[in-house]
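The block underneath contains the structure these notes are about, expressed in structure tokens.
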Amino acid sequence: MIPGKYRSVSGRAANNVNCGLHLVIQTSSLPEKSKVEFKLNKETPSFSGRLLQHDLERNYSSRQGDHIHLASSSMPSFPILQRSSEEKILYSDRLTLERQKLTVCPIIDGEEHLRLLNFQHNFITRIQNISNLQRLIFLDLYDNQIEEISGLSTLRSLRVLLLGKNRIKRISNLENLKSLDVLDLHGNQITKIENVSHLCDLRVLNLARNLLSHVDNLNGLDSLTELNLRHNQITFVRDVDNLPCLQRLFLSFNNISTFESVCCLADSSSLSDITFDGNPIAQESWYKHTILQNMMQLRQLDMKRVTEEERRIASVVAKKEEEKKRESHKQSLLKEKKRLTINNVARKWDLQQNRIPNIAPNQDRKVSDSPQDPSQLHGSTVSAFPEETGSLDSGLSNTLQGLSVTDTHLVEVDGDTLSLYGSGALESLDRNWSVQTAGMVTTVSFTFIEFDEIVQVLPKLKIKFPNSLHLKFKETNLVMLQQFNALAQLRRVDQLTIDPQGNPVVNFTLWKYYVLFRLSHFSMQKINGTEVTQNDMIMAERLFGILAHVASSELPQYRLISILGDVRKKQFRYLLETKGKKPGLVNEENSDSKRLVGENTNRATLNYTTRDFYNERLEEIKEKKKFCKMYMEDLVKEATEINMKNEALQKLWPQMFIELVRDAVIEIRNKNSYMKLCLQQITDQK
């Protein structure tokens with residue numbers, strides 16, 4: 001009989017009986033002298049601890065000293081196995097037929113009491129002729145050529161089934177083996193775990209060296225304590241947390257690259273031994289700390305004992321990693337919100353330019369150059385990682401569903417660059433920027449903003465960001481050369497970048513030369529990334545110098561003075577004062593100074609008036625005209641009234657004069673009475 005324990009990964013194995021095996025193979029078609037007799041006297045190692053753990057590469061051996069006769073049956077394809085009575089008594093419960101070059105399972109008659117049957121290292125292609133062995137507990141078909149699991153439906157007592165190193169492609173036909181304790185299917189061609197959920201007593205499952213790409217369908221294996229999945233192609237694991245008794249899980253040499261793909265392991269309270277060596281995840285710096293932090297109950301990792309110091313370090317590192325992860329999630333969220341905001345600004349801009357029909361706000365326009373770095377969203381400074389090609393994780397995607405895409409502007413500070421998207425972003429120039437932040441900004445970028453709106457804030461830009469040297473314009477409606485005149489009011493510009501997108505002015509052949517001429521006092525170094533040479537400056541002067549001279553000479557003096565600033569007014573008056581003097585009266589230095597001042601003044605006459613400012617001036621002029629008209633009408637009315645009164649007076653005056661003379665004669669007719677009356681009036685007045 002079989003001993004009470006058989007050692008495997010679960011701790012059981014068959015006892016070995018080291019004895020000689022005398023085989024007699026006979027067929028009825030051969031004469032007596034053709035009987036082939038040979039004896040095997042060799043000892044092989046026993047099942048040495050954890051057979052399934054080591055992929056059952058080491059075989060158990062239970063050698064018998066009995067004489068076995070394989071005689072041909074009435075069906076020539078199935079030999080019949082016969083043993084003598086003595087042999088049956090001596091080894092009544094076990095039979096070993098390993099390395100016999102068998103291609104089929106022989107018919108075994110009169111051996112219904114067998115409990116261990118070994119067909120290792122043969123060429124058997126199909127399991128058959130053993131349905132009568134209903135007491136069989138241990139069946140070993142390791143290293144054969146079996147392609148399908150079959151012929152086992154009657155073996156309800158089977159506890160150990162070893163089918164490693166065969167050609168099996170599918171787990172099937174195990175429905176009646178509900179008492180199975182060990183199932184070894186390593187070294188086959190299985191691609192999917194299936195049809196095992198009814199094996200509630202199974203404790204050891206070996207699927208190493210198969211073609212598995214994922215792990216699932218493990219529900220129902222409530223007694224499973226060891227699962228060997230080494231040397232597969234596994235990328236993710238599921239359902240393992242539903243195995244209440246699982247203690248050892250071997251996942252070495254697979255394709256697991258992230259902890260998220262095996263995160264269900266963190267929910268298992270019974271796992272104590274696990275291996276990930278040979279996986280991409282094991283090469284990561286965070287691997288060990290993450291595993292230990294999420295699986296506190298582990299006693300061994302990659303066949304090495306876990307110490308308390310390692311747990312402590314893992315806890316500290318894992319907390320830091322968690323903080324980084326949260327920060328990364330936050331930055332990814334803000335980066336995506338920023339992208340959505342820029343898309344919304346771009347959509348609104350296109351609507352204003354009548355480029356696209358009015359569409360729903362959630363239909364984003366894709367902006368290829370959306371910023372990827374630290375940014376400021378509506379006053380709140382944020383940071384963002386570089387653009388990633390991968391898709392967002394599900395948690396982040398769910399969060400983004402609640403983001404608003406109605407924001408119409410964006411202000412971003414990235415190192416020394418201030419980026420403004422949408423006209424509303426110009427209001428940020430009114431904020432109280434810190435001295436440090438304002439001092440660091442050397443580049444200002446305008447996108448999706450009308451240039452005329454930008455012109456109105458240039459004085460603020462000069463004050464708020466005194467170190468700004470580089471201006472960028474994209475989608476700002478720069479359409480004519482005159483618009484560049486507005487940049488002259490800045491303090492300094494070393495570089496100018498005009499993106500062709502949304503700025504038709506760059507289609508003019510001479511636009512760069514005009515910029516160099518009009519902004520020559522800045523000594524500009526680069527335009528659109530190209531170095532400015534001395535020849536460029538000379539060419540610009542030749543092309544547009546005469547234009548500035550004509551423009552300044554044709555203007556009236558009062559108009560010219562009104563255009564110039566205070567400093568330029570003094571320079572202009574100086575020019576007027578020295579205009580009539582002879583050249584000899586002024587030294588060469590003053591002549592050079594005058595010439596330079598004259599050039600600057602000439603350029604100053606080339607100014608730009610925005611449409612809004614022009615409209616305001618028109619409104620102002622209209623108001624003035626209206627006021628003047630009313631004033632003149634009042635003057636005319638008053639003069640008319642005076643004239644009418646004068647004419648009436650001329651008509652009434654003769655009669656009035658006669659009456660005055662008459663009254664005077666009457667009053668002085670009595671001289672004494674008149675004098676008394678006059679004296680009385682004088683007295684009354686005193």
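Quick caveat, the model's predicted, so the values are computed rather than measured.
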Heavy atoms only: give me the nearest [X]-[Y] pair and the separation to one decimal.
| X | Y | value |
| --- | --- | --- |
| Ser153 | Asn176 | O-ND2, 3.1 Å |
| Gln297 | Leu271 | CG-O, 2.8 Å |
| Asn254 | Pro280 | O-CD, 3.7 Å |
| Asn232 | Ala208 | ND2-CA, 3.9 Å |
| Lys338 | Leu410 | CG-CD2, 3.4 Å |
| Cys200 | Ser223 | O-OG, 2.6 Å |

State, with a plain yes or no, whether a side-chain heavy atom of [X] is found less than 4.5 Å away from one of [Y].
| X | Y | result |
| --- | --- | --- |
| Leu97 | Leu102 | yes |
| Leu183 | Val204 | no |
| Leu205 | Val182 | no |
| Leu139 | Ile130 | yes |
| Ile193 | Leu207 | yes |
| Ile127 | Leu141 | yes |
| Leu298 | Asp273 | no |
| Leu265 | Leu249 | yes |

Taking side-chain contact (heavy atoms from CB on, under 4.5 Å) as the test, write out the residues that go with [X], two or more places apart.
| X | answer |
| --- | --- |
| Asn132 | Glu112 |
| Gln145 | Phe123, Thr125, Arg167 |
| Tyr287 | Phe276, Ile281, Ala282, Glu284, Ile291, Leu301, Asp302 |
| Asp222 | Pro244 |

| Ionic contact status for Glu148 with Arg170, cut-off 4.0 Å | no
Taking the side chain from [X] and the backbone from [Y], do they hold a donor-acceptor pair closer than 3.5 Å?
| X | Y | value |
| --- | --- | --- |
| Ser157 | Ile137 | no |
| Asn122 | Lys101 | yes |
| Asn210 | Gln189 | yes |
| Asn173 | Leu152 | no |
| Ser261 | Thr258 | yes |
| Asp350 | Arg347 | no |
| Asn166 | Asn144 | yes |
| Asn206 | Leu227 | no |
| Asn195 | Ser172 | no |
| Asn188 | Ile168 | yes |

| field | Ring centre gap for His186 and Tyr142 strictly below 6.0 Å | value | yes
| query | Please walk me through it: do Lys169 and Ile190 pass side-chain contact (heavy atoms from CB on, under 4.5 Å)? | reply | CA-CA 4 Å; Lys169 298 180 180 179; Ile190 298 170; 6.0 Å; no
If I take atom [atom1] from residue [X] and atom [atom2] from residue [Y], how far apart are they, to the nearest 0.5 angstrom?
| X | Y | atom1 | atom2 | result |
| --- | --- | --- | --- | --- |
| Phe138 | Leu162 | CZ | CG | 4.5 Å |
| Lys330 | Ser328 | NZ | OG | 12.0 Å |
| Leu174 | Leu155 | CG | CG | 11.0 Å |
| Ile234 | Asn279 | CD1 | CG | 8.5 Å |
| Arg299 | Gln247 | CZ | CD | 7.0 Å |
| Thr154 | Leu133 | OG1 | CG | 8.0 Å |

| field | Stepwise salt bridge (Lys or Arg N to Asp or Glu O under 4.0 Å) check, Asp181 with Arg159 | value | CA-CA 5 Å; Asp181 187 79; Arg159 301 289 302 279; 3.8 Å; yes
| said: Would you say CZ of Arg305 has more than 12 non-hydrogen atoms from neighbouring residues, nucleotides or ligands within 6.0 angstrom? | reply: no
| request: Carefully, step by step, assess Ile342 and Val345 under the rule side-chain contact (heavy atoms from CB on, under 4.5 Å). | output: CA-CA 5 Å; Ile342 293 175; Val345 173; 5.5 Å; no
| query | Should His231 and Phe250 be marked as a side-chain contact (heavy atoms from CB on, under 4.5 Å) after you check the CA-CA gap, both sets of side-chain angles, and the distance that decides it? | reply | CA-CA 10 Å; His231 293 281; Phe250 306 106; over 6 Å; no
| request: Kindly indicate whether a cation-pi arrangement holds for Arg230 with Phe253, taking the cut-offs as under 6.0 Å to the six-membered ring centre and within 45° of the axis. | output: no
| query | Can you check salt bridge (Lys or Arg N to Asp or Glu O under 4.0 Å) on Glu336 and Arg339, steps first, answer last? | reply | CA-CA 5 Å; Glu336 184 64 12; Arg339 186 187 68 82; 2.4 Å; yes
| salt bridge (charged side-chain N to carboxylate O under 4.0 Å, His left out) contacts in which one or both residues fall within residues 251-269, not counting sequence neighbours | Glu260-Lys325
| message | If we count only N and O atoms by modelled type, under 3.5 Å, do the side chains of Gln120 and Asp143 hold a donor and an acceptor together? | response | no
| note | Residue pairs meeting side-chain hydrogen bond (donor to acceptor under 3.5 Å, both in side chains), one or both in residues 233-242, sequence neighbours left out, come to Asp216-Arg238, Asn219-Asn242
| side-chain contact (heavy atoms from CB on, under 4.5 Å) between Ile124 and Thr103, intermediate numbers included | CA-CA 4 Å; Ile124 297 171; Thr103 58; over 6 Å; no
